[in-house]
Novice: 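Handing you this structure, nothing more for now.
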There are 2 protein chains.
Amino acid sequence: MSVTIKDVAKKANVAPSTVSRVLSDSPRISETTKKRVRKIMEEMGYHLNINGRVLVRQSTQTIGIVMKDSATHSFENPFFSEILKGISEACHTRDYNLNLTTGESEETIFQDVVKMVQGKRVDGIIVLYSKKDDKVVPYLMEHNFPFVVVGKPLFGANKFMYVDNDNVEAAREAANYLIEFGHKDLGFIGGDLKFEVAKDRLQGFKLAAEEHGIDIQPESVQSIDLSDSVENGKEVVKKMMNTPRRPTGLVITDDYNGLTVMAALQEIQIKVPEDVSIIGFNNTMIAKLANPPLTTVDTNPYQLGYEASDGLINILHTPEMVKRGVIIPTSIVERDSCKPYNPGIKELDAN
Amino acid sequence: MSVTIKDVAKKANVAPSTVSRVLSDSPRISETTKKRVRKIMEEMGYHLNINGRVLVRQSTQTIGIVMKDSATHSFENPFFSEILKGISEACHTRDYNLNLTTGESEETIFQDVVKMVQGKRVDGIIVLYSKKDDKVVPYLMEHNFPFVVVGKPLFGANKFMYVDNDNVEAAREAANYLIEFGHKDLGFIGGDLKFEVAKDRLQGFKLAAEEHGIDIQPESVQSIDLSDSVENGKEVVKKMMNTPRRPTGLVITDDYNGLTVMAALQEIQIKVPEDVSIIGFNNTMIAKLANPPLTTVDTNPYQLGYEASDGLINILHTPEMVKRGVIIPTSIVERDSCKPYNPGIKELDAN
DNA sequence: TTATTTTATGAGAACGATTTCAGAAATATG
DNA sequence: CATATTTCTGAAATCGTTCTCATAAAATAA
């Protein structure tokens, strides 16, 4: 159908091998024939068929992306979009392609991964989460397949590369930020504790409280996640705010959830930041555009993605030179959702 | 390296062709040998190498996604994430793979497309935008490559498939919604007019105004888009609100921009919906979670993506059965950002 | 029983590139 | 001028499948 290397070879009166070498700009071909062959390629409208190359090179030059099951709506979360953007750009500069899993459940995603690996569809994989009892990472390790995880390494930490934030430290800082503002009743609204991020951030939060001799009411530690309905999420918040020692400062592990919290607070007439200060995570555009704009921990999702991608490609090229772990720094970006604690408020509103 | 069809064949004492036929469950192979071969495949840990198949079948079973240049931040917009989710799920049910362009500029994206097409990396392409003077669609048409565009067909409409909303009607309805609320001074904040969506929605907006004998102040029609900085966007809004006949009802062509508008209004002490009613587009989670929750035109992005994907795959399977255009219905979902016009307000705030 | 059809499998040529090995031509060396 | 080197190109195997065509064996018909 379309013009192949052989067609070009015939027309140029050279061997296919020569054409192939011209294609890869081999120094073993003289400039004159290169020019001639290139001209003929142009004339005939030749274009490399990548699949032939893939077969012999045993390399697809594409990397696979594994997201959490879309039941948990990762697509909805701008955090993932940002990571994806970072990955995408790193791939582009290194001339790699991107392949997305399309599975919806944990199981179908796993099958996608198997297909990618065994079918040799991709050269390496980026796993966009870290979760206990997940089959993906163990599978990849077992099969010795190059991969990097964005998140905390759960086991065999020294056996594969990961890119992560220091989430316990980040959460500690977030809590400290509120504490420094004088807040003594702190609340934590995290995500699904099956994921490591959520655990780490909770740990950091507790750590900060402990260090400052603040004790946390059990009711003030809750989790909502994207698989919950918004209504559910709001319920959780309302319940928390309806406890005797309701928090005046909230650490929320995701900007997206931050919006849910704000919506809930709005409904029960609690004002941010006047009545309660909240600090989010990720610094996605959501935080910037929220009303009021959200103070948040910038986890640099773009860079998370970029480093993961770049690191994976490095591993692919020089497997011996493995960067074991990359920790992307976090920083608090101050906006308008936090305020020094105003002792008057509490009594006034208490019921 | 890994076990191939030939290895299995040898061990099972059959020809490679037989193994291949077992793989595709051909009725021409007896159940007994099928069973035997399958068992051996299992034992040897055989797994199909997709690349061999791709080469002979001349089909990759993957479809390519082309987004607007990421300079315009399409990744950031949950609207695209939703579309992507729809595409992803359609692909999954039909067992197709997904390949993303990684280019950042219009030019590099175009090159990505050329690579996809010429390199035979994908069987078909979904173009996630419609834009005048864009090279992608003409290129695909010229090369007779299967594709569908999400957006309005610009030329050769009867030559390719598209999935779109009726954007002029949708915008007309949005404007009417405000008009029915008694708003007489209407504003429009659109996106980049290079894109067809933006044009259509502006047209619909003007149509509604005309039909109701409302004349629109030229200063009340502005555009901001994602490639602008947030600050720029806010400036535009503030300027518009600082005109003698400032609008009391705003149609905004994207929820995302809706947030920008709300942030700007907030800064100049204009309240939504008390002082100005706003209606957004797309019904992304942003709208749901905004403060106040945004009344918005639901464009069903998920379905937009799903239909595009599904349609493309249909085209790939039966090229003769082309659905030329699919129009996804829109509907207004009412939330809290719109209110009947309160004549008092205007005079009160006017300066 | 013989001829004919059906069923089950095998042989081998693709698919479109890359790459090793070898050899011809050109150049350098003695 | 003969030989050794270097430079350039070609032949052919290979990557892992699929698929057409042929054929042996089994089943059916005559």
Side-chain angles (χ1 to χ4, degrees), chain A residues 1-38 40-41 44-62 95 97 115-123, chain B residues 1-38 40-41 44-62 95 97 115-123:
Chain A
M1 251 199 310
S2 42
V3 24
T4 75
I5 245 185
K6 283 181 191 164
D7 303 324
V8 175
K10 209 169 284 172
K11 193 139 187 176
N13 267 317
V14 294
S17 41
T18 302
V19 179
S20 170
R21 282 189 270 252
V22 171
L23 233 35
S24 52
D25 202 21
S26 156
R28 318 192 40 161
I29 300 292
S30 67
E31 277 309 316
T32 48
T33 45
K34 270 187 193 170
K35 239 173 234 162
R36 194 160 52 88
V37 170
R38 286 208 184 101
I40 290 181
M41 295 199 299
M44 301 183 74
Y46 169 81
H47 200 286
L48 175 75
N49 179 324
I50 202 70
N51 304 125
R53 168 182 289 181
V54 160
L55 196 54
V56 22
R57 288 227 183 133
Q58 299 282 56
S59 146
T60 57
Q61 287 267 105
T62 106
D95 209 28
N97 284 88
K115 262 194 217 162
M116 278 180 170
V117 172
Q118 304 276 31
K120 302 210 175 6
R121 281 174 212 266
V122 300
D123 292 349
Chain B
M1 251 199 309
S2 41
V3 25
T4 76
I5 248 186
K6 284 181 190 165
D7 302 324
V8 174
K10 209 169 284 171
K11 194 141 189 176
N13 267 317
V14 293
S17 40
T18 302
V19 178
S20 169
R21 280 190 271 252
V22 171
L23 233 36
S24 53
D25 200 23
S26 156
R28 318 193 40 161
I29 301 291
S30 68
E31 276 310 316
T32 48
T33 44
K34 269 186 194 171
K35 240 173 233 160
R36 193 161 52 87
V37 170
R38 285 207 185 102
I40 290 181
M41 293 198 301
M44 301 183 74
Y46 169 81
H47 200 286
L48 175 75
N49 179 323
I50 202 69
N51 304 124
R53 169 181 287 182
V54 161
L55 195 54
V56 19
R57 287 228 184 132
Q58 299 282 56
S59 147
T60 57
Q61 288 267 105
T62 105
D95 209 28
N97 284 87
K115 263 194 214 160
M116 279 181 169
V117 173
Q118 304 276 31
K120 302 210 177 7
R121 282 174 211 264
V122 299
D123 292 349

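Letters A, B, ... mirror the listed sequences (proteins, then strands); counts begin at 1.
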Novice: Between P on C:dA17 and CG on B:N49, what's the gap in Å once rounded to a whole number?
Specialist: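 About 18 Å, once rounded to whole Å.
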Novice: Just call it for A:I50: base, sugar-phosphate, or nothing, with non-hydrogen atoms closer than 4.0 Å on any strand.
Specialist: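 No contact at all - A:I50 keeps every heavy atom at 4.0 Å or more from the nucleic acid.
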Novice: Using a 4.5 Å cut-off on heavy atoms from C-beta on, say whether the side chain of B:R36 contacts that of B:V14.
Specialist: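 Counting from C-beta outward, B:V14 and B:R36 do come under 4.5 Å.
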Novice: For A:L48 and C:dG16, what is the distance between atoms CG and P respectively, to the nearest whole Å?
Specialist: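 Distance check: A:L48 CG to C:dG16 P gives 12 Å.
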Novice: Hey, what bend do you get for the helix from C:dT1-D:dA30 to C:dG30-D:dC1 if you fit axes on five pairs at each end, rounded to 10°?
Specialist: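 The value is 50°.
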Novice: Going by the rule side-chain hydrogen bond (donor to acceptor under 3.5 Å, both in side chains), which residues pair with A:S30 if we only count those two or more places apart in sequence or in a different chain?
Specialist: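 A:S30: side-chain hydrogen bond (donor to acceptor under 3.5 Å, both in side chains) contacts with A:T32, A:T33.
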Novice: Between A:Q58 and C:dT18, is there a contact of a side-chain N or O with OP1 or OP2 at under 4.0 Å?
Specialist: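 No, because none of the side-chain N or O atoms of A:Q58 sits under 4.0 Å from OP1 or OP2 of C:dT18.
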Novice: Is there a donor-acceptor contact under 3.5 Å linking the side chains of B:S2 and A:K120?
Specialist: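 Looking only at side-chain atoms, A:K120 and B:S2 do form a donor-acceptor pair, the distance falling under 3.5 Å.
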Novice: Ignoring backbone atoms, establish whether B:S20 has a side-chain N or O less than 4.0 Å from OP1 or OP2 of D:dT18.
Specialist: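 B:S20 to D:dT18 OP1/OP2: side-chain N or O found under 4.0 Å.
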Novice: Sequence neighbours excluded, which residues qualify as side chain to side chain contact (heavy atoms under 4.5 Å, CB included) partners of A:D7?
Specialist: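 Scan of A:D7 (side chain to side chain contact (heavy atoms under 4.5 Å, CB included), adjacent residues dropped) gives A:V3, A:T4, A:M44.
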Novice: Could you pull out the protein-nucleic contacts involving nucleotides 4-10 of chain D (nitrogen or oxygen on both sides, under 3.5 Å)?
Specialist:
residue	atom	partner	partner atom	Å
D:dC8	N4	A:R28	NH2	3.3
D:dT9	OP1	A:S30	OG	3.4
D:dT9	OP1	A:T33	OG1	3.2
D:dT9	OP2	A:S30	N	2.9
D:dT9	OP2	A:S30	OG	3.4
D:dT9	OP2	A:T33	OG1	2.9
D:dT9	O4	A:R28	NH2	3.2
D:dG10	OP1	A:N13	O	3.4
D:dG10	OP2	A:A15	N	2.7
D:dG10	OP2	A:T18	OG1	2.5
D:dG10	N7	A:R21	NH2	2.8
D:dG10	O6	A:R21	NH1	3.4
D:dG10	O6	A:R21	NH2	3.0

Novice: In whole Å, what is the span from the NZ atom of B:K10 to the C1' atom of C:dG10?
Specialist: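 To the nearest whole Å, that distance equals 15 Å.
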Novice: Could you check whether any side-chain heavy atom of B:Y46 comes within less than 4.5 Å of a side-chain heavy atom of B:I40, counting everything from C-beta outward?
Specialist: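 No - every pair of side-chain heavy atoms lies 4.5 Å or more apart.
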Novice: Between B:R121 (CZ) and C:dA17 (C1'), how many Å, whole number?
Specialist: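 These atoms are roughly 14 Å apart.
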Novice: Measure from CG on A:D25 to P on C:dT18 and round the result to the nearest Å.
Specialist: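 Answer to the nearest Å: 13 Å.
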Novice: Show me, pair by pair, the donor-acceptor contacts under 3.5 angstrom made by side chains of residues 16-25 of chain B, not counting sequence neighbours?
Specialist:
residue	atom	partner	partner atom	Å
B:S24	OG	B:S20	O	3.4
B:S24	OG	B:R21	O	3.4
B:D25	OD1	B:K34	NZ	2.9
B:D25	OD1	B:R38	NH2	3.0

Novice: What is the distance from CD1 of B:I5 to P of C:dA11, rounded to the nearest Å?
Specialist: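 After rounding, the reported distance stands at 15 Å.
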Novice: Quickly work out the B:L55 CG to D:dT14 P distance and round it to whole Å.
Specialist: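 About 17 Å, once rounded to whole Å.
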Novice: Reckon A:N51 touches a base, only the sugar-phosphate, or nothing at all at heavy-atom distances under 4.0 Å?
Specialist: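 Here A:N51 touches no strand at all.
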Novice: For the residue pair A:L48 and B:Q118, establish whether any side-chain heavy-atom pair is separated by less than 4.5 Å.
Specialist: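 No, every pair of side-chain atoms sits at 4.5 Å or beyond.
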Novice: Please name all residues satisfying side chain to side chain contact (heavy atoms under 4.5 Å, CB included) with B:N97, sequence neighbours left out, ordered by chain then number.
Specialist: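 Partners of B:N97 by the side chain to side chain contact (heavy atoms under 4.5 Å, CB included) criterion, ordered by chain and then number, come out as A:N99, A:R121, B:T62.
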Novice: Decide yes or no on salt bridge (Lys or Arg N to Asp or Glu O under 4.0 Å) for A:D123 and A:R57, but give the supporting numbers first.
Specialist: CA-CA 11 Å; A:D123 292 349; A:R57 288 227 183 133; over 6 Å; no
Novice: In whole Å, I'd like the distance from the CD atom of A:Q61 to the C1' atom of C:dT18.
Specialist: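 Distance check: A:Q61 CD to C:dT18 C1' gives 14 Å.
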